[in-house]
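What follows is a short report on a single structure.
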Amino acid sequence: MELVTKKPDFDSWTPDELFSVLPQHRIHGAFLAHDSSLHWAMAALSAIVFMTFILLVFPRGHTKVASLIGVAAFTGTVGIAMLLAFQEVAIRMPLLIPRGGLIGVAIILVIDIIALIGQSYQLISGEYSFPITLLGFTCGVGLCEEVCKAVPAIFIAAKSGLRTWRAALLWGLV
């Protein structure tokens with residue numbers, strides 16, 4: 001008599017089902033389990049320590065603590081949402097050949113830059129050599145992430161009018 005075991009179809013499992021079969025509900029070497037909420041406390045503690053450090057080391061001038069917290073929260077939510085949306089668009093964007101008038105060429109060049117950023121996200125998959133992966137992380141991922149995080153802060157700064165360079169420095173840090 002032969003014992004036949006069927007392999008589980010992991011593709012149809014939800015993340016909760018996958019983590020439920022792992023020891024302690026976590027990937028080997030992970031600090032926290034999948035169903036833990038401790039990461040929220042760690043993030044809050046990190047934000048408090050970082051904000052305290054900024055307030056102690058850098059003189060505030062006329063900048064209010066509430067405005068710094070608001071800028072940090074706005075940039076952290078809107079900037080990350082912009083980044084995720086931009087990544088999805090960039091990965092699906094095709095490379096085009098510029099033709100036509102000056103405005104058409106300029107629009108296509110912007111589309112091509114977005115497509116190249118999408119290609120840089122493909123370069124970080126681990127299938128490439130270290131210099132190529134470094135290029136993907138530096139030129140594409142890093143640049144894209146910093147621009148997406150800076151745009152909301154620039155928008156708020158333009159709307160409210162920063163009075164001093166110290167305020168701009170603090171807004172950039174948070």
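Worth knowing before you read on, the calculation uses all heavy atoms, side chains too, and leaves out hydrogens, waters and symmetry mates. What you see is a predicted model, and the numbers here were worked out from it, not measured in a lab.
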If hydrophobic clusters are built from ILVMFWY residues whose side chains come within less than 4.5 Å, do [X] and [Y] share one?
{"X": "Val105", "Y": "Ile107", "result": "no"}
{"X": "Leu84", "Y": "Ile114", "result": "no"}
{"X": "Trp40", "Y": "Ile80", "result": "no"}
{"X": "Ile103", "Y": "Val110", "result": "yes"}
{"X": "Phe74", "Y": "Val65", "result": "yes"}

Report summary line: Here the salt bridge (Lys or Arg N to Asp or Glu O under 4.0 Å) pairs for residues 69-89, sequence neighbours left out, are Glu88-Arg92

Shared-cluster residues of [X], by chain and number - hydrophobic side chains joined below 4.5 Å:
{"X": "Leu56", "answer": "none"}
{"X": "Leu45", "answer": "Val49"}
{"X": "Phe130", "answer": "Leu134"}

Partner residues of [X] under the side chain to side chain contact (heavy atoms under 4.5 Å, CB included) criterion, sequence neighbours left out:
{"X": "Phe58", "value": "Ile54, Leu169, Leu170, Leu173"}
{"X": "Tyr128", "value": "Leu123, Ser125, Ile132, Thr133"}
{"X": "Ser46", "value": "none"}
{"X": "Leu96", "value": "Pro94, Ile108, Ile111, Asp112"}

Query - Any residue meeting ring-ring contact (aromatic ring centres under 6.0 Å, His included) with His34, in chain and number order, not counting sequence neighbours - result: Phe19

Table please: side-chain donor-acceptor pairs of residues 22-32 below 3.5 Å, with sequence neighbours left out.
unit_1	atom_1	unit_2	atom_2	d
Gln24	OE1	Arg26	NE	3.1
Gln24	OE1	Arg26	NH2	2.7
Arg26	NH1	Ala30	O	2.9
Arg26	NH1	Phe31	O	3.0

Query - Interatomic spacing from CD1 in Ile69 to CE in Met51 - rounded to 0.5 Å - result: 5.0 Å

Query - Where Ser36 and Leu38 come nearest, the two heavy atoms and their spacing - result: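 Reported closest heavy-atom pair: OG-N, 3.0 Å.
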
Query - Sidechain-backbone polar pair: Thr138 side chain, Leu135 backbone, donor-acceptor under 3.5 Å - result: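 Not at all, since once roles are kept as given, no pair shorter than 3.5 Å links the two residues.
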
